[in-house]
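Following: one structure in structure tokens, then a few remarks.
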Amino acid sequence: MVRAKTWILKKQFEGFPTIDNFELREVDLPALKNGEVLLESVFFSVDPYMRVYTQLYKKAGDTMMGSQVAKVVESKNTAYPVGVFAVAKSGWTSHFISDGKDIFLMFPNWPEKLPRSLALGTVGMPGLTAYFGLSEICRIKPGEIVLINGAAGAVGTAAGQIAKIHGCKVVGCAGSDDKVAYLKSIGFDEAFNYKTVSLKEALKKASPDGYDCYFDNVGGEFSSVVLEQMRPFGRIAVCGAISLYNDVVPQKGPYVQTHMILKQLCMEGFVVSRWENRREEGLKQLLKWVEEGKLKCHEHVTKGFENMPAAFMGMLKGDNIGKAVVKV
């Protein structure tokens with residue numbers, strides 16, 4: 001019998017999460033039935049969406065949501081033999097049982113030189129978010145000017161590089177000088193630390209002619225300033241709103257309609273699962289770019305399952321450059 005360790009939501013978030021929101025429990029898993037597999041988690045992902053989705057869809061006592069790369073350690077399902085790796089969405093648990101319907105096998109030809117944790121980042125959900133957000137929502141074209149905020153995170157770093165692959169000029173902003181230096185090292189044409197400048201002036205300096213596309217990971221006041229500098233018929237992909245997730249009292253900002261009308265802008269929110277039927281297409285292209293060296297990956301790795309809450313809270317504070325993962 002396998003004993004699984006599981007982080008649960010002890011009490012719902014009120015403002016920024018604290019360690020008191022989480023509790024580590026252990027539970028004995030039952031023996032496998034025919035068609036089932038037992039998996040052991042190897043890497044976990046911590047992502048901004050987990051903050052707001054937990055508030056919406058979880059209650060006290062539930063397992064914390066999230067995805068992992070896991071290895072099959074026991075199997076009664078011939079489609080998932082012992083030793084293969086899969087991506088799952090089984091939450092913060094060290095071991096779990098699946099019937100195979102809710103897991104995705106990793107590519108059998110996964111390159112040995114690449115860590116499997118990339119399946120949670122650049123060659124996973126964040127990479128797909130950048131890939132489809134740019135191609136389907138922003139509909140980027142060569143020569144266009146693309147702005148990305150939260151640019152040093154998992155989605156932002158991928159989005160900037162993909163836009164460059166497509167021949168765009170890319171401007172990124174982040175919250176530290178180290179992050180700005182990293183953005184420039186991976187090919188961003190312009191980058192700035194929004195905490196040390198006038199946002200309006202920095203945006204104007206980076207692109208005096210304005211912006212064709214805006215990939216928004218932050219929301220809030222930042223986006224209100226950006227709208228003023230969008231070019232006519234600009235496209236805005238609303239991917240995230242991390243500046244709002246921990247608010248106890250909702251922010252109030254300027255209304256968007258005037259800029260939207262006069263500049264004939266298109267703003268659309270999206271969730272990457274919209275393109276679930278094209279998942280394999282996106283992953284193959286992302287992996288190809290990584291192998292070719294066109295798409296660079298940086299990971300912020302926290303070691304130890306016991307440090308899941310700390311990794312999650314650190315990601316929300318912006319401690320990471322690139323993808324935040326936990327290695328068991």
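It should be emphasised that the depicted structure is a prediction, and the values quoted were computed from it without experimental measurement.
- Here the side chain of Glu74 pairs no donor or acceptor atom with the backbone of Val82 at under 3.5 angstrom.
- Linking ILVMFWY side-chain heavy atoms closer than 4.5 Å, directly or via other members, places Phe215 and Phe222 in a single hydrophobic cluster.
- At distances below 3.5 Å, not a single donor-acceptor pair connects side-chain atoms of Thr122 with backbone N or O atoms of Leu118.
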Stepwise side-chain contact (heavy atoms from CB on, under 4.5 Å) check, Val73 with Leu39: CA-CA 6 Å; Val73 293; Leu39 297 101; over 6 Å; no
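- With a 4.5 Å cut-off on side-chain heavy atoms, Asp28 and Val2 do not count as touching.
- Without hydrogens or angle criteria, Gln161 side chain to Lys296 main chain gives a donor-acceptor distance under 3.5 Å.
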Step-by-step side-chain contact (heavy atoms from CB on, under 4.5 Å) determination, Val171 to Val146: CA-CA 6 Å; Val171 176; Val146 179; over 6 Å; no
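- Residues Val84 and Phe104 do not share a hydrophobic cluster, defined by chaining ILVMFWY side chains whose heavy atoms lie under 4.5 Å apart.
- Between the side chains of Tyr80 and Glu36, no donor N or O sits under 3.5 Å from an acceptor N or O.
- Counting all heavy atoms, side chain and backbone alike, Val170 lies closest to Ala163 at CG2-CB, 3.5 Å.
- Residue Cys213 holds its SG atom at 10.0 Å from CZ of Arg231, rounded to the nearest 0.5 Å.
- Hydrophobic clustering places Phe43 together with Leu286 (ILVMFWY residues linked when any side-chain heavy atoms are closer than 4.5 Å, directly or through intermediates).
- Atom CD1 of residue Ile97 and atom NZ of residue Lys33 lie 9.0 Å apart, to the nearest 0.5 angstrom.
- With hydrogens and angles disregarded, a donor-acceptor distance shorter than 3.5 Å links the side chain of His298 to the backbone of Ile321.
- Heavy-atom neighbours of Lys5 NZ from other residues, nucleotides or ligands within 6.0 Å: at or below the threshold of 12.
- Of all heavy-atom pairs between Ala206 and Tyr211, the closest is CB-OH, 3.7 Å.
- Residues Leu38 and Ser75 form no side-chain contact, since every pair of their non-hydrogen atoms from C-beta on lies 4.5 Å or further apart.
- The two residues Ala154 and Pro126 have their closest heavy-atom pair at CB-CB, 3.8 Å.
- The structure places CG of Asn149 at 9.5 Å from SG of Cys239, a figure rounded to the nearest 0.5 Å.
- For an aromatic pair to be called close, the ring centres must be under 6.0 Å apart, and Phe44 with Phe305 satisfies this.
- Few gaps surround NZ on Lys58; more than 12 heavy atoms of other groups in view lie less than 6.0 Å from it.
- Here Trp7 contributes atom CH2 and Phe22 contributes atom CZ; the two are 8.5 Å apart, rounded to the nearest 0.5 Å.
- For NZ of Lys200, the number of neighbouring non-hydrogen atoms (other residues, nucleotides, ligands) closer than 6.0 Å is 12 at most.
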Thr54 vs Met64, side-chain contact (heavy atoms from CB on, under 4.5 Å): CA-CA, chis, key distance, verdict: CA-CA 8 Å; Thr54 296; Met64 275 297 297; 4.0 Å; yes
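- A donor-acceptor contact closer than 3.5 angstrom is absent between the side chains of Thr302 and Asn307.
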Intermediate values then yes/no, salt bridge (charged side-chain N to carboxylate O under 4.0 Å, His left out), Lys284 and Glu280: CA-CA 6 Å; Lys284 285 182 176 178; Glu280 186 171 351; 3.0 Å; yes
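- Checking side-chain atoms of Thr196 against main-chain N and O of Asn193 turns up a donor-acceptor pair under 3.5 Å.
- Looking at Tyr245, its side chain does come within 3.5 Å of a backbone N or O of Ala241 through a donor-acceptor pair.
- Between Ile145 and Gly210, the closest heavy-atom pair is CD1-O, 3.6 Å.
- The two residues Val197 and Ala202 have their closest heavy-atom pair at CG2-CB, 3.6 Å.
- Contact check for Thr6 versus Glu26: no side-chain heavy atoms found under the 4.5 Å cut-off.
- For Phe312 and Trp92, the distance between ring centers is under 6.0 angstrom.
- In this structure, Ala151 and Leu183 approach most closely via the heavy-atom pair O-CD2, 3.3 Å.
- Taking CE from Met267 and CD1 from Ile137, the interatomic distance works out to 12.5 Å, rounded to the nearest 0.5 Å.
- The environment of CD in Glu306 is crowded: more than 12 heavy-atom neighbours from other residues, nucleotides or ligands sit within 6.0 Å.
- Using a 4.5 Å cut-off between side-chain heavy atoms of Ile, Leu, Val, Met, Phe, Trp and Tyr, with links allowed through other members, Val52 and Met125 fall into the same hydrophobic cluster.
- Within the 3.5 Å criterion, the main-chain N or O of Thr93 finds a donor-acceptor partner in the side chain of Ser41.
- Clustering ILVMFWY residues whenever any of their side-chain heavy atoms sit less than 4.5 angstrom apart, transitively, puts Met106 in a cluster other than the one holding Val37.
- Checked for salt-bridge contact, Arg278 and Glu281 meet the test: a charged N lies under 4.0 Å from a carboxylate O.
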Derivation and outcome, side chain to side chain donor-acceptor pair (under 3.5 Å), residues Tyr214 and Asp216: CA-CA 6 Å; Tyr214 170 36; Asp216 184 14; 3.0 Å; yes
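- Remark: side-chain polar atoms of Lys184 are not paired, donor with acceptor, to backbone N or O of Phe188 under 3.5 angstrom.
- Between the side chain of Gln55 and the backbone N or O of Phe13, at least one donor-acceptor pair lies under 3.5 Å.
- A 4.5 Å side-chain heavy-atom check between Leu227 and Ile236 finds at least one atom pair inside the cut-off.
- Residue-environment remark: NZ (Lys164) exceeds the threshold of 12 foreign heavy atoms within 6.0 Å.
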Worked verdict on Val46 versus Val325 for side-chain contact (heavy atoms from CB on, under 4.5 Å): CA-CA 6 Å; Val46 286; Val325 296; over 6 Å; no
Pair Glu40-Lys71, salt bridge (charged side-chain N to carboxylate O under 4.0 Å, His left out): steps then yes or no: CA-CA 5 Å; Glu40 180 178 39; Lys71 184 178 182 179; over 6 Å; no
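- In this structure, Arg116 forms a cation-pi arrangement with Phe85, its terminal cationic atom sitting closer than 6.0 Å to the ring centre and no more than 45° off the ring axis.
- Between the SG atom in Cys266 and the CE atom in Met230 there is a gap of 10.0 Å [rounded to 0.5 Å].
- A heavy-atom distance below 4.5 Å is not found between the side chains of Phe270 and Val238.
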Salt bridge (charged side-chain N to carboxylate O under 4.0 Å, His left out) between Lys169 and Asp189, worked out: CA-CA 6 Å; Lys169 175 182 176 180; Asp189 297 284; over 6 Å; no
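- For the residue pair Glu299/Ser117, the side-chain donor-acceptor check at 3.5 Å is satisfied.
- Side-chain polar atoms of Ser45 and Lys323 form a donor-acceptor pair below 3.5 angstrom.
- Sparse packing is recorded around CD of Glu201, with 12 or fewer heavy atoms of other residues, nucleotides or ligands lying under 6.0 Å away.
- Applying the side-chain hydrogen bond (donor to acceptor under 3.5 Å, both in side chains) rule to pairs touching residues 253-272 yields Glu268-Arg274, sequence neighbours excluded.
- For Trp110 (side chain) and Leu114 (main-chain N/O), a donor-acceptor pair under 3.5 Å exists by modelled atom type.
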